[in-house]
Number of protein chains: 2
Amino acid sequence: MANREPTIKDVARKCGVSVATVSRVIHGLGAGYSDRTRDLVLKTADELGYRPNAIARGLVNKRTHTIGVLFPDVSGSFSSELLRGIEEEAHERGFSVIVCNTARDGERTAKYLRMLREKQVDGIVFASYFDPAAYDAELAAMRMPVVLVNTMPGAAALPYIKVDDRLAAREATDYLLRQGHRDIAMIAGTRNDPVAGQPRLAGYREALEAADVPYREELVAYGDFRLDGGRRAMERLLETAPPFTALFAASDEMAVGGINAARERGLAIPADLSVVGYDDLIYARMVHPPLTTIRQPLAEMGSRASDVLIARIQEEDRALEAGETIMPHRLIERGTVRPLRA
Amino acid sequence: MANREPTIKDVARKCGVSVATVSRVIHGLGAGYSDRTRDLVLKTADELGYRPNAIARGLVNKRTHTIGVLFPDVSGSFSSELLRGIEEEAHERGFSVIVCNTARDGERTAKYLRMLREKQVDGIVFASYFDPAAYDAELAAMRMPVVLVNTMPGAAALPYIKVDDRLAAREATDYLLRQGHRDIAMIAGTRNDPVAGQPRLAGYREALEAADVPYREELVAYGDFRLDGGRRAMERLLETAPPFTALFAASDEMAVGGINAARERGLAIPADLSVVGYDDLIYARMVHPPLTTIRQPLAEMGSRASDVLIARIQEEDRALEAGETIMPHRLIERGTVRPLRA
DNA sequence: TTCGAGAGAGTAAACGTTTAACCTAAGAGT
DNA sequence: ACTCTTAGGTTAAACGTTTACTCTCTCGAA
């Protein structure tokens with residue numbers, strides 16, 4: 001009595017039937033066996049503790065029911081919310097997910113992609129990459145379904161899921177304008193980022209101009225979406241920019257960095273400076289006062305990503321529809337904005 | 001010309017050699033082929049874009065080079081830091097990781113465990129589960145290496161990786177005592193949690209008693225490690241407890257919740273109340289003032305977990321050594337503690 | 001009675017690898 | 001001239017499934 005996991009053969013032998021029969025009853029195919037045989041097989045499988053080997057299965061049906069997910073940074077509230085959504089939906093549809101942390105490194109990304117191909121994953125979710133064009137070709141060459149979330153494709157026609165960044169930024173700025181602010185600074189994202197950087201700046205500018213408030217370059221500083229970038233951007237703003245009563249930051253992290261820097265200069269939030277952020281990560285609710293911000297429904301975006309990916313994996317049909325999915329954002333009013341008397 | 005992925009057979013055919021030969025050169029076995037053949041095979045494989053099929057490989061060598069990781073909550077800074085470490089080390093050693101979000105649900109956990117077994121993962125990391133005894137049996141029944149991180153085994157002898165919670169809590173409390181505080185409240189974790197709850201409370205009590213400060217039950221409130229739990233605990237403390245000048249919270253999240261609640265009652269931090277947290281998650285640096293806290297090296301604990309797991313997977317030898325790994329914690333002084341004049 | 005159909009199976013190939021066992025020719029040693 | 005060894009291979013089984021085919025009954029209809 002070997003001490004290995006029981007296989008379908010063991011079940012078959014013990015039942016005195018062929019493996020084909022066992023396979024059929026395990027699959028619940030309605031035909032090909034009598035009720036008596038079915039019960040016997042099921043009972044025996046249970047007694048033996050038999051579990052089908054997904055690797056062997058995968059080999060024959062060329063489906064692993066596994067997807068790969070690539071993040072530039074797995075830790076980080078942003079990615080983890082996304083991941084939760086992705087995993088949740090995948091699990092519900094019977095898929096498991098392999099996570100990959102590219103650390104924003106091209107070499108690593110390529111290596112992960114190779115590995116995922118070798119492991120025969122059924123599809124890939126590529127999340128929040130800053131330079132969309134960079135992996136287009138490699139992704140397309142994988143010859144398997146891919147969906148982008150929180151980023152956009154370059155040349156290749158890959159489906160993607162995003163929020164309308166420009167519109168969201170415009171609404172954030174509009175909100176500040178409606179509260180009576182006119183001198184509104186912005187901490188923008190990475191200068192040349194075409195997916196999360198430029199559109200948010202464009203939305204800010206658009207709102208201003210629509211309200212006949214001239215856009216002034218001196219009021220915008222660039223960060224990198226991170227805490228310290230926000231802090232430094234605010235310091236620059238405080239030194240060189242004309243006075244302003246409000247700030248729109250292109251990420252919550254930069255908003256918090258900015259707030260902390262302002263606070264160190266003696267400014268009170270929101271008394272002296274109103275702030276709206278972008279993302280609505282958990283810490284937006286943890287800081288004091290809680291941050292007014294634009295909410296991106298990250299978990300939903302993640303589950304949506306799994307949804308469209310799996311749809312593409314399973315039916316070649318609705319393959320090319322729904323290339324673009326725009327998810328709804330929302331302004332969450334909390335404590336960092338003070339209305340200004342006219 | 002079929003449009004499928006090229007297999008080892010395609011390479012063999014094109015080279016006019018047998019698949020065995022191709023397999024040997026792909027593996028870089030030094031023997032069994034001439035240099036000429038090697039070069040030819042390598043060149044052909046490259047031209048064809050051949051990549052070995054890990055599924056087929058896994059079937060024959062019964063190793064998938066994949067591990068499974070179970071979290072009670074994948075989002076959450078805590079898990080994601082851990083995950084980063086786990087993934088990083090695993091990747092370095094050639095393993096990929098499947099993430100599972102048990103959502104603290106027994107049913108789901110069991111389902112994941114079954115799935116991981118079917119997918120033939122080589123081992124499992126079980127992270128920060130509150131009730132260690134609950135899955136002992138199931139885990140042991142998996143007949144594959146398992147390591148626990150940030151939790152402890154019940155009866156079964158599973159290896160685990162932790163910080164010394166009692167000692168850490170004692171040091172946090174000692175620190176407050178050294179700063180001159182005598183009336184120190186605590187927001188403890190879940191009341192009956194034997195891994196992160198009880199030991200931290202015990203450490204707090206121990207420090208107090210060692211300093212001849214009587215332990216007073218009225219000064220401790222229980223939370224659930226989460227933000228709102230911390231907030232509510234602080235509210236209870238402020239209403240019913242005798243006056244206190246310092247607080248030790250068993251998690252950063254509860255510390256922040258407590259701070260916010262205190263602030264709403266008009267208390268200034270650290271002027272009126274000193275606070276030390278536990279964990280050192282990212283937002284400890286984001287709140288204002290930044291939180292003084294006990295740092296658990298989460299990423300390192302994660303990579304350590306992968307390390308010992310993979311060691312157990314690869315060599316049956318050092319199998320039973322290193323059952324317990326205690327990682328070093330550290331007190332990080334930031335801005336929430338004010339020394340008290342004697 | 002004979003035939004056909006369907007139920008209830010079994011056989012064997014296939015999926016893409018790895019690897020033990022075997023084969024053959026060319027030198028080397030005697 | 002003979003045997004031994006070794007380099008450079010080939011063959012085929014095995015891993016655990018799925019599934020297209022085939023086979024053999026039994027039963028009902030003509």
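First the proteins, then the strands, lettered A, B, ... as listed; each starts at 1.
- At a non-hydrogen distance threshold of 4.0 Å, nothing from residues 5-12 of chain B comes into contact with DNA chain D.
- Protein atom NE2 of B:His65 is 15 Å distant from nucleotide atom P of C:dT17, rounded to whole Å.
- For the pair B:Lys119 NZ and D:dG16 P, the computed distance is 19 Å after rounding to whole Å.
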TODO: Please lay out, stage by stage, how B:Lys43 and B:Asp46 fare under the test salt bridge (charged side-chain N to carboxylate O under 4.0 Å, His left out).
DONE: CA-CA 5 Å; B:Lys43 181 163 143 292; B:Asp46 194 55; over 6 Å; no

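- Relative ring orientation between B:His65 and B:Phe95 is described as tilted, the plane-to-plane angle lying within the 30° to 60° band.
- If you take CG of A:Asp39 and C1' of C:dG8, they are 15 Å apart, rounded to a whole angstrom.
- As a whole-Å value, the separation of A:Leu59 CG from D:dT17 P is 12 Å.
- Judged by distance alone, the side chain of B:Asp122 and the main-chain N or O of B:Ile313 form no donor-acceptor pair under 3.5 Å.
- Between the NE2 atom of A:His27 and the C1' atom of D:dT17 there is a distance of 8 Å, given to the nearest Å.
- For A:Arg57, no side-chain nitrogen or oxygen approaches OP1 or OP2 of D:dG16 to under 4.0 Å.
- Rounded to whole angstrom, the span from the CG atom of A:Asn61 across to the P atom of D:dA20 amounts to 12 Å.
- To the nearest 0.5 angstrom, A:Glu118 atom CD is 11.0 Å from B:Ile55 atom CD1.
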Can you tabulate the close N/O pairs, meaning under 3.5 Å, that link protein atoms to atoms of nucleotides 4-10 of chain D?
{"residue": "D:dG8", "atom": "OP2", "partner": "B:Tyr33", "partner atom": "O", "Å": "3.4"}
{"residue": "D:dG9", "atom": "OP2", "partner": "B:Ser34", "partner atom": "N", "Å": "2.9"}
{"residue": "D:dG9", "atom": "OP2", "partner": "B:Ser34", "partner atom": "OG", "Å": "2.7"}
{"residue": "D:dG9", "atom": "OP2", "partner": "B:Thr37", "partner atom": "OG1", "Å": "2.4"}
{"residue": "D:dT10", "atom": "OP2", "partner": "B:Ser18", "partner atom": "N", "Å": "2.8"}
{"residue": "D:dT10", "atom": "OP2", "partner": "B:Ser18", "partner atom": "OG", "Å": "2.7"}
{"residue": "D:dT10", "atom": "OP2", "partner": "B:Thr21", "partner atom": "OG1", "Å": "2.7"}
{"residue": "D:dT10", "atom": "O4", "partner": "B:Arg24", "partner atom": "NH1", "Å": "3.0"}
{"residue": "D:dT10", "atom": "O4", "partner": "B:Arg24", "partner atom": "NH2", "Å": "3.4"}

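- In this model, a donor atom of one side chain and an acceptor atom of the other lie less than 3.5 Å apart for A:Ser18 and A:Thr21.
- Judged by distance alone, the side chains of A:Lys119 and B:Ser96 do bring a donor and an acceptor atom under 3.5 Å apart.
- To the nearest angstrom, C1' of C:dT17 lies 11 Å from CD of A:Gln120.
- A sub-4.0 Å separation between OP1 or OP2 of C:dG16 and a side-chain N or O of A:Lys62 is present.
- Checked by atom type and distance alone, the side chain of A:Ser80 never pairs as donor or acceptor with a backbone atom of B:Ser75 at under 3.5 Å.
- Results of the side chain to side chain donor-acceptor pair (under 3.5 Å) test with A:Glu5 over B:Arg117, B:Lys62, B:Gln120 single out B:Arg117 as the only residue that passes.
- The backbone N or O of A:Asn101 lies less than 3.5 Å from a partner atom in the side chain of A:Arg108, making a donor-acceptor pair.
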